[in-house]
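FYI, side chains are in, hydrogens and waters are out, and symmetry mates aren't considered; it's all heavy atoms of this structure. Chain letters run A, B, ... following the sequence lines, proteins first and then strands; every chain starts at 1. Source: prediction; values computed, not measured.
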Amino acid sequence: LYSYSVLHHPRSPAFDYPLLVALVDLDEGIRLVSNLIEVAASQVRIGMPVEATFAPTAADRAVPVFRPATDAS
Amino acid sequence: MRPFARNAAIAGVGATEFSRAAGRSELQLATEAIRSALNDGGLTAADVDGLVSYTIDPVEETELVRSIGFQEIGFSSRIPYGGGGSMGTLLHGAAAVASGAADVVVAYRAVRARSGASRFGEAKTAPSPSSQHSGTTAMQWAMPYGVLTPASWMSLNATRYMHRFGVTNEDFGRAVVQLRQYAMNNPAAWGFQRPMTLADHQNSRWIAEPSIRMFDCCQETDGSVALVITSTERARDLESVPVLIAAAAGAGLFEQEIASDHYRPDLSVMDGSVALARRLFGDFSISRDDIDVAMIYDAFSPILLMQLEALGFCGLGQAKDFIADGNFALDGKLPCNPNGGLIGEGYIHGLNLVLEAVRQLRGTAVNQVSNARTALVTASRTGAILTCDEESGRAERS
């Protein structure tokens with residue numbers, strides 16, 4: 001996890017708030033803007049290992065989002 | 001030394017009132033500000049042959065020519081990068097008049113950022129792939145995650161900055177307190193006679209936690225600012241005291257985005273401003289010690305601290321102490337944004353910072369820096385250094 005922010009305002013009807021957004025540096029060397037799921041805002045720490053999963057978005061598509069890594073390897 | 005340095009000058013400045021509901025179009029606002037600036041310099045519309053604005057300004061040159069009555073425009077240009085490009089108007093204006101491409105250039109920006117069709121701070125709901133908005137195709141990689149607003153874009157950089165250097169939101173608050181104290185005295189400011197304590201700041205609601213509270217944000221503002229730029233030689237014969245453009249530069253780096261700047265290697269440092277400072281203080285024989293007053297683009301308070309460091313006025317991570325020690329005050333090491341800044345005065349997308357720099361160098365500011373001779377104006381990736389005209393004999397003031 002390179003950085004994060006907990007968004008409160010203004011609110012778009014497309015999202016639930018507070019909204020956890022993140023910058024994730026992939027091992028492959030790419031940085032992504034994404035969301036963090038399955039973690040409380042108070043538990044988020046820069047540098048924590050995260051892993052990708054997928055969440056539904058508009059038009060029946062999916063986008064990569066991140067949750068705390070279950071396997072530290 | 002660049003050939004245009006000190007060969008171009010700001011010969012007039014003008015503005016409308018700053019409000020939350022102007023009740024008239026951007027075109028009319030721009031027209032009023034430009035007429036005011038021309039009057040300030042003792043010029044008429046017929047003297048103008050150049051126009052400069054931002055790519056995202058809604059006022060078209062053709063409409064402006066018709067509305068004001070310009071007779072023959074020979075040079076026009078627009079600056080990309082949103083507010084980060086705002087000081088590019090000075091670079092373009094100076095380059096145009098010093099090269100002979102134009103004799104008198106008007107730089108303008110008109111916004112209805114509060115009452116217009118799209119409030120500046122509100123969520124953008126569709127990517128804007130054109131450079132005409134304050135974002136690029138990279139926005140399509142942020143919007144699916146709800147990263148829709150300028151505050152949300154910049155907050156990701158700010159969190160990383162806070163993490164690396166142990167900076168808190170209260171540290172940002174101390175900068176805001178200084179800006180709001182300045183704004184208290186400025187009748188043109190949103191913050192005029194509107195006190196705010198550090199406790200008020202800390203009690204204001206979160207916009208983007210842990211970096212940006214409501215009082216860390218600039219004001220969405222309606223209004224317009226205009227500048228008249230001509231050769232130093234001609235400016236000396238005009239009515240107002242000329243303010244020389246002693247330096248002007250811009251820097252756009254590989255993979256640097258605009259407000260959604262998420263792909264540079266180290267987001268805890270605004271390295272576009274590092275590059276800008278290298279040009280401003282490397283190419284023009286002016287040092288940081290020469291700066292009497294600094295106008296630094298404070299759309300959100302975290303980027304004020306980050307730019308202060310990137311510009312080299314203190315070490316990385318030291319802006320919080322620099323500000324806590326009172327150095328932004330009139331008697332500090334670097335009086336900063338004494339109009340109240342974009343946070344305290346209003347947000348004409350950065351151009352009102354130039355207005356204040358000119359007032360400071362003319363000696364007519366409400367919060368006047370004693371004997372200000374050299375002013376820095378910067379907006380992330382563009383900037384300029386303005387000076388009094390020491391050779392004209394007209395710069396003497398009480």
Side-chain heavy atoms of B/Arg205 within contact of A/His8, under 4.5 Å: no
Minimum heavy-atom distance A/Ser12-B/Leu148, with the two atoms named: CB-CD1, 3.6 Å
Test log, rule side chain to side chain contact (heavy atoms under 4.5 Å, CB included), inputs B/Leu156 and A/Tyr2: CA-CA 9 Å; B/Leu156 289 162; A/Tyr2 182 79; over 6 Å; no
Atom group of A/Phe15 that falls short of 4.5 Å from chain B, counting heavy atoms: side chain
Proximity breakdown for A/Pro64 and chain B, heavy-atom pairs closer than 4.5 Å: both
Beyond-backbone contact of B/Trp153 with A/Val33, side-chain heavy atoms, under 4.5 angstrom: no
Side chain, backbone, both or neither of B/Arg213 within contact of chain A (heavy atoms, under 4.5 Å): neither
Side chain, backbone, both or neither of B/Leu267 within contact of chain A (heavy atoms, under 4.5 Å): both
Approximate separation, where rounding is to 0.5 Å, of A/Leu23 CG and B/Thr159 OG1: 8.5 Å
Atom pair NE2 (A/His9) and SG (B/Cys217), whose distance is rounded to the nearest 0.5 Å: 9.0 Å
Heavy-atom contact with chain B under 4.5 Å, split by part of A/Ala55: neither
Close side-chain approach of A/Leu32 and B/Trp141, heavy atoms under 4.5 Å: no
Region of B/Trp206 in contact with chain A, defined by heavy-atom distances below 4.5 Å: both
Separation of A/Tyr4 OH from B/Glu209 CD (nearest 0.5 Å): 7.5 Å
Closest-packed option against chain B by number of heavy-atom pairs under 4.5 Å, given A/Val63, A/Asp25, A/Thr57: A/Val63
Min side-chain heavy-atom separation A/Leu7-B/Ser155 under 4.5 Å: yes
Nearest non-hydrogen partners of A/Val65 and B/Tyr145, listed with the distance: CG1-CE2, 4.0 Å
Interatomic distance, B/Arg164 atom CZ to A/Ser3 atom OG [nearest 0.5 angstrom]: 13.0 Å
Steps toward side chain to side chain contact (heavy atoms under 4.5 Å, CB included) verdict (A/Ser5, B/Val147): CA-CA 10 Å; A/Ser5 195; B/Val147 184; over 6 Å; no
